[in-house]
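Quantities reported herein were computed from a predicted structural model and do not represent experimental measurements. Read the numbers this way: they start at 1 and go in the same order the structure lists the ligands and their atoms. Quick note: numbers below take in every heavy atom, side chains included, and nothing from hydrogens, waters or symmetry partners.
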Amino acid sequence: MDSSAIQIPSRLPLLLVNEGVLLPGSSVRAVVETSRNLQLVRSRLLRGTSLRSTIIGVVPNTRDPDTEAQELPRLHRIGTAGIAVQVVGSNWPKPHYTLLITGLCRFHILEVLKEKPYPVAEVEQLDRLEQYTNGSDAAGELNVLSEQFYEYAIQVLDAVGLEERFKKTIPLLVRQIEGLKLLKKTRKLKLDDEKRVVTIRPIRRNNSISGKRFPLDTAEEEEDDDVDDIIMLEKKIRNANIPEQALKVCMKEIKRLKNMPQSMPEFVLTRNYLELMVELPWKKSTSDRLDLHAARVLLDNDHYAMQELKKRVLEYLAVRQLKNNLKGPILCFVGPPGVGKTSVGRSIAKTLGREFHRISLGGVSDQSYIRGHRRTYVGSMPGRIINGLKSVGVNNPVFLLDEIDKMGRGLQGDPAAALLEVLDPEQNHSFTDHYLNVSFDLSQVLFIATANTTATIPPALLDRMELIQVAGYMQEDKVEIALRHLIPKQLDLHGLTPHHLQIPQETTEDIISRYTREAGVRSLERKIAAICRAVAVKVAESQHRSAKSSHLPVPGEEGEVPEETKDESITDTTDLALPPEMPIVIDCHALKDILGRPIYEVEARLIS
Ligand SMILES: Nc1ncnc2c1ncn2[C@@H]1O[C@H](COP(=O)(O)OP(=O)(O)OP(=O)(O)O)[C@@H](O)[C@H]1O
């Protein structure tokens with residue numbers, strides 16, 4: 001051995017690998033699962049601090065890899081010393097490590113010094129270290145080739161002399177070259193080859209000559225499919241009506257994608273980005289229905305009372321009718337919970353014939369929620385505004401910014417500051433989401449915000465909105481809302497009709513005064529839903545009974561019915577005599593039975 005060559009330690013811990021053969025100058029990823037190898041990783045690689053401790057001997061385990069015997073298997077005598085350059089641990093599906101090992105030089109096992117907890121051997125270095133670290137091209141080529149042929153790889157490993165190694169690998173190279181020649185000859189010309197004329201890698205055309213399809217070419221076929229996909233994507237981008245500036249960015253990304261191996265994680269990220277760019281409604285919008293009379297009828301049909309709010313909404317619509325490109329104002333409905341702020345927002349969208357999208361801002365304390373993450377960020381996504389536009393598919397929806405007063409302020413920037421740009425009619429025509437990194441015109445979006453209080457809304461944000469107070473309801477209003485809206489809505493939701501259930505006015509008043517205490521009507525709606533559920537059970541039971549009774553024997557045929565069935569049918573008919581009377585009318589007894597004892601009974605009595 002040359003004294004100028006780098007020496008590996010004469011004692012090496014041995015890692016027995018079942019898959020792949022590590023050769024000097026190449027790298028392998030080895031999965032460490034057996035207890036012997038796990039021990040080695042724990043005590044040599046995770047605890048060791050010196051570079052020397054990361055040098056291990058890698059020996060192919062030529063025994064059956066599935067049986068991890070107590071006894072150390074007979075070791076292959078030649079191995080490769082390698083440096084573990086990366087250790088990654090995982091618990092799924094069972095505890096294991098993945099090592100990235102770079103081969104340094106071959107060694108010969110002279111003697112196994114100890115077997116437990118992991119084998120350590122006295123070794124003799126066979127190769128000179130720098131011979132490989134200098135990076136001979138031929139050796140590199142051989143390594144790549146030999147990865148595919150395990151048994152040949154072992155032979156290549158055993159071939160210590162360079163001459164012998166060439167002898168072993170030249171047949172492999174010849175085989176590989178023959179295979180490639182055959183592949184080139186037999187690539188069939190695919191029907192959609194026309195498309196491929198415009199591929200970015202014109203070289204591919206040469207690979208396609210009509211003929212038989214060989215199983216060898218599946219990998220290339222996959223790559224071709226991928227190229228086709230990119231071309232399709234490019235076509236879609238060109239047809240997506242994307243504004244010039246954004247189109248430039250997309251084309252740049254397409255160019256990068258074409259030159260990127262699909263195994264790169266960035267390939268998927270770039271593709272997802274481009275797919276989002278295609279899906280965004282850059283210029284797609286719905287046409288507004290600006291009929292004031294119809295709007296008034298619709299608003300009245302959907303909501304009882306709320307005169308002030310409806311008046312302001314109609315004014316807004318009237319101005320829009322006169323001046324189509326009205327900039328702002330942003331309406332903000334302020335009022336206690338359950339007074340219908342959100343549902344009025346939905347009605348406005350319906351009135352205008354626009355798409356509706358609700359963005360809940362309660363508890364949001366990160367501005368990336370609004371603006372998205374930069375694409376360099378792991379797991380980056382667009383913000384809720386861009387996501388919302390993607391899901392509605394038009395650029396002029398009604399966006400309801402719900403609970404704008406409940407936004408927090410965290411370490412990741414102030415979401416209220418991001419909203420300032422979104423809500424400012426002077427700025428929002430060029431809103432830039434961090435993920436998109438190009439501007440999107442939000443000026444056609446109709447923003448409506450809701451809040452319970454203005455106290456917690458930052459002043460700059462408050463200043464951009466027109467506040468409309470929505471007061472809580474009086475008892476009489478609640479009764480009307482329940483009779484006109486809530487009861488029909490809940491009946492419908494539970495598959496019931498007024499033929500099944502009736503809740504008279506007195507009962508509704510009872511529910512409001514004895515079972516709820518709120519400014520809005522949400523709790524009242526929940527109680528009505530509870531009544532509907534209880535009645536639904538009865539109705540379903542009675543339907544089941546009547547279905548059963550329709551199978552009962554007709555009188556006169558009784559003689560043919562067996563004795564035991566006869567008894568059953570008699571009890572059934574007695575049950576049938578007591579069907580729940582339809583409609584079920586909810587009185588105070590029924591109310592107590594379904595909702596329990598009144599919560600505010602004492603006070604209600606005192607008042608009455
Ligand atoms: N005036 C009304 N007419 C008809 N239904 C109403 C009226 N007010 C409220 N509702 C109904 O009450 C329910 C609760 O309303 P909504 O969710 O819009 O309340 P909110 O004011 O947005 O509450 P929060 O502040 O908690 O978000 C909805 O089913 C809604 O249809």
Looking only at non-hydrogen atoms, find the nearest pair between F356 and V392 and report the distance. O-CG1, 4.1 Å
Which residue owns the protein heavy atom closest to atom 12 (O) of ligand 1, what's the atom, and how far is it? V521 CG2, 3.3 Å
Could you find the nearest protein heavy atom to atom 3 (N) of ligand 1 and give me its residue, atom name and distance? Y304 N, 3.0 Å
State whether R271 and E253 are salt-bridged, where the test is any N-O pair (Lys NZ or Arg NE/NH1/NH2 against Asp/Glu carboxylate O) under 4.0 Å. no
In the structure I gave you, are the side-chain heavy atoms of I370 and D433 within less than 4.5 Å of one another anywhere? no
Contact atoms of ligand 1, heavy-atom distance to Y473 under 4.0 Å: 1 (N), 2 (C), 7 (C), 8 (N)
For residues E509 and Q475, report the shortest heavy-atom separation together with the two atoms involved. O-NE2, 3.7 Å
Looking only at heavy atoms, is any part of K489 under 4.0 Å from ligand 1, and if so is it the side chain, the backbone, or both, or is it neither? side chain
Give the numbers and elements of all ligand 1 atoms closer than 4.0 Å to a heavy atom of P337. 23 (O), 24 (P), 25 (O), 26 (O)
Is the number of heavy atoms from other residues, nucleotides or ligands within 6.0 Å of CZ (R312) greater than 12? yes
Among the heavy atoms of D302, does any lie under 4.0 Å from an atom of ligand 1? yes
Show which atoms of ligand 1 fall inside a sub-4.0 Å distance from at least one heavy-atom site of M306. 1 (N)
Would you say ligand 1 has an N or O under 3.5 Å from any N or O of G340? yes
Option nearest atom 14 (C) of ligand 1 (shortest heavy-atom distance, choices R526, R522, R358): R522
Protein residue, atom and distance nearest to atom 22 (O) of ligand 1, heavy-atom basis: T342 OG1, 2.5 Å
Side-chain contact, heavy-atom cut-off 4.5 Å: I481 with L524? no
For the 3.5 Å polar cut-off, considering only N or O atoms, please tell me whether V339 and ligand 1 meet it. yes
Can a donor-acceptor pair be found between the side chains of S360 and D402 at a distance below 3.5 Å? no
Closest non-hydrogen protein atom to atom 28 (C) of ligand 1, residue and atom name please, with distance? E525 OE1, 3.7 Å
Please report which non-hydrogen protein atom sits nearest to atom 5 (N) of ligand 1, along with the residue it belongs to and the distance in Å to one decimal place. I481 CG2, 3.8 Å
Is any N or O atom of G338, backbone or side chain, closer than 3.5 Å to an N or O atom of ligand 1? yes
Within a strict 4.5 Å, meaning less than it, do heavy atoms of the T270 and M260 side chains meet? yes
Side chain proximity check, C332 to I448, heavy atoms < 4.5 angstrom: no
Are S343 and H303 linked by a side-chain donor-acceptor pair shorter than 3.5 Å? yes
Atom 30 (C) of ligand 1 [closest protein heavy-atom partner, distance rounded to 0.1 Å]: S343 OG, 3.4 Å
For atom 21 (O) of ligand 1, what is the nearest protein heavy atom, given as residue, atom name and distance? K341 NZ, 2.7 Å
Under 4.5 Å between any side-chain heavy atoms of M277 and W282, yes or no? yes
Option whose closest heavy atom lies nearest to atom 4 (C) of ligand 1, chosen from H485, Q490, E403: H485
Atom indices of ligand 1, in the order listed, that fall short of 4.0 Å to a heavy atom of N452: 25 (O)
